[in-house]
2 protein chains.
Amino acid sequence: MEEKEEKKISAVVIRRLPRYYRYLGELVENDVQRISSKELSEKMKVTASQIRQDLNNFGGFGQQGYGYNVKYLYDKIGKILGVDEPHNMIVVGAGNIGRAICNYSDFSKRGFVIKGLFDNNPEVAGKEVAGVKVYNSEGIAQFIKDNNIEIVALTLPKVAAKEVANIVVEAGIKAIWNFAPVDLNLPKDVIVENVHLSESLMRLSYAIANQEKH
Amino acid sequence: MEEKEEKKISAVVIRRLPRYYRYLGELVENDVQRISSKELSEKMKVTASQIRQDLNNFGGFGQQGYGYNVKYLYDKIGKILGVDEPHNMIVVGAGNIGRAICNYSDFSKRGFVIKGLFDNNPEVAGKEVAGVKVYNSEGIAQFIKDNNIEIVALTLPKVAAKEVANIVVEAGIKAIWNFAPVDLNLPKDVIVENVHLSESLMRLSYAIANQEKH
DNA sequence: TAGATTGTTAATCGATTAACAATC
DNA sequence: TAGATTGTTAATCGATTAACAATC
């Protein structure tokens, strides 16, 4: 009751924010100064109403008769998304997906700093992937504490992912980016964001099987 | 008007189907014969009502007083998702994500057969990744026609992804699995399933920034 | 038959769209 | 000031949950 903004923002709104951020980022790159909800809605193929409703969950970022200042709105959404400050992360599992994450420079551009890549395989420990050092998994808990790690990406088979999830949560981690095809059952103050590629591919396959029916 | 089932299934229902499929697959592996919507709802942490509503979009798969036969329901959902028959696919872009997809055996288990990996880099052409041959991108259109390819996975930077999308659609492709951080604007009979990792990571970052507020 | 659990209708809840007064 | 476009309320639409008759 101390703060005025206690209303919970719905998950569907959060889900759309990064897309707004991406479009606004492109407008910033193209030196566009202002945009109206109508113009943006045409670019993004959503309704102008939805854009205004979504943004107004977080405050009045526009100006009547003018629209939105692109750079200002971009920065505001960046702040809401928490990409205005860096987040230290580690990746556990040095397979292709783990290495892909280490290689993907877009993440570091957004402030996600990969401090280490962990793997059980003694052959990879000591090497480097895209400038990220590879460590043996034994040291994970200590490394998390020593390096102020916030996010752990799990790019492991499902059984190993469950095990490592428990270890890192024990070490104080509150945010897991899970690529294993499993639902991690963790304390409810731990945030899990799943990337289930198999499920994505099956949705595509569903759509193929049903596209004839319009 | 010729078929009775003309009602459009909503996207939220489709989105949940692969998760049902995954849980049922595990039950099949554990030799569980039958399950009620109530039991499944407790496992999956959704309501029993939702499970019954979702399934009844596709038909009555259960039996009053008994519940659902696990194997039967698993096969039915597999058929609905189109994983009962093989789908030929190619991957364009031999970076880490492209190679990860080629390596990930779960997809082939589900009938997604990767027939080739394409890349512009002449150094990789002719090699193999997890048994998948790497070809030069020039031959994509012909390869699609010759090999009965249904799905193209795009694991390329965004400008290249847009270009290749146009080429493969021109060659008759109706289903694209897009990993590039861009919205492909294609004819509306072309299905695009996006995997936007940056957006996923930003949702995690949003949740971190806002977790203190319960 | 009695008990269990579905399939399905009705009630509730939440999200989207439309409309427009406020205001730059 | 007149025109434009937001912020916000109200109306609509769709999704979820509850309830229960049907039925195995």
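So you know, we letter chains A, B, ... as the sequences are listed, proteins then strands, and number each from 1. Quantities reported herein were computed from a predicted structural model and do not represent experimental measurements.
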Problem - Phosphate OP1/OP2 of C:dT5 contacted by B:Ser37 side-chain N/O (<4.0 Å) - result: no
Exercise for the section: Say whether A:Glu39 and A:Ser36, considering side chains only, have a donor N or O and an acceptor N or O under 3.5 Å apart. Expected result: yes
Exercise for the section: If the plane angle is over 60° it's perpendicular, under 30° parallel, otherwise tilted; pick one for A:Tyr74 and A:Tyr21. Expected result: parallel
Exercise for the section: State yes or no: are the ring centers of A:Tyr23 and A:Tyr20 separated by less than 6.0 Å? Expected result: no
Exercise for the section: Round to the nearest Å and state the distance from B:Gln50 atom CD to C:dG14 atom P. Expected result: 14 Å
Practice task
Nearest-nucleotide wise, let me know which of A:Gln64 and A:Ala11 is further upstream toward the 5' end of DNA chain C.
Solution key: A:Ala11
Handout entry: Residue B:Asn56, side-chain heavy atoms: nucleotide from C:dG7, D:dA18, D:dG7 that is nearest
Key = C:dG7
Practice task
Answer yes or no: does a side-chain N or O of B:Arg34 lie under 4.0 Å from OP1 or OP2 of D:dC24?
Solution key: no
Problem - Atom-to-atom span, CG of B:Asn57 to C1' of C:dT8 - whole angstrom - result: 12 Å
Handout entry: Identity of whatever pairs with D:dC13 - Watson-Crick or G-U, under 3.5 angstrom
Key = C:dG14
Problem - A:Arg52 side-chain N/O to C:dT16 phosphate OP1/OP2 under 4.0 Å - result: no
Handout entry: Nucleotide C:dA15, atom C1' - distance to CD1 of A:Ile14 in whole Å
Key = 14 Å
Handout entry: A:Gln63 vs D:dT6: side-chain N/O to OP1/OP2 distance below 4.0 Å
Key = no
Problem - Donor-acceptor pair present, A:Gln53 side chain and D:dT9 base, under 3.5 Å - result: yes
Handout entry: A:Ser10 side chain, from C-beta outward: closest of C:dT6, C:dA15, D:dA15
Key = C:dA15
Handout entry: Atom-to-atom span, CE of B:Met44 to P of D:dT16 - whole angstrom
Key = 13 Å
Exercise for the section: Determine: side-chain N/O of A:Arg15 to OP1/OP2 of C:dA15, distance under 4.0 Å, yes or no. Expected result: no
Exercise for the section: Would you tell me whether B:Asn185 and B:Lys162 have side-chain atoms, one donor and one acceptor, within less than 3.5 Å of each other? Expected result: no
Handout entry: Distance test, side-chain N/O of B:Thr47 to OP1/OP2 of D:dT17, below 4.0 Å
Key = yes
Exercise for the section: Determine whether any donor atom in the side chain of A:Ser49 lies under 3.5 Å from an acceptor atom in the base of C:dA18, or the reverse, and answer yes or no. Expected result: yes
Practice task
Would you mind reading off the distance between A:Phe61 atom CZ and C:dC24 atom C1', rounded to a whole angstrom?
Solution key: 18 Å
Completion exercise
Here the distance between atom P of C:dT16 and atom CD1 of A:Ile9, to the nearest Å, is 13 Å
Handout entry: Watson-Crick or G-U wobble partner of D:dA22, both distances under 3.5 Å
Key = C:dT5
Handout entry: Parallel, tilted or perpendicular: ring planes of B:His87 versus B:Phe112, cut at 30 and 60 degrees
Key = parallel
Practice task
Among D:dT17, C:dT6, C:dT5, find the nucleotide with the atom closest to the side chain of B:Tyr68.
Solution key: C:dT6
Completion exercise
Taking for A:Asp54 and for A:Tyr66 the nucleotide of DNA chain C with the nearest heavy atom, the one nearer the 5' end belongs to A:Asp54
Handout entry: Rounded distance (Å) that lies between atom C1' of D:dT6 and atom NZ of A:Lys38
Key = 14 Å
Exercise for the section: Send over the distance from A:Leu40 CG to D:dA4 P, rounded to a whole Å. Expected result: 20 Å
Problem - B:Arg34 to B:Tyr66, cation-pi by 6.0 Å centre distance and 45° axis angle - result: yes
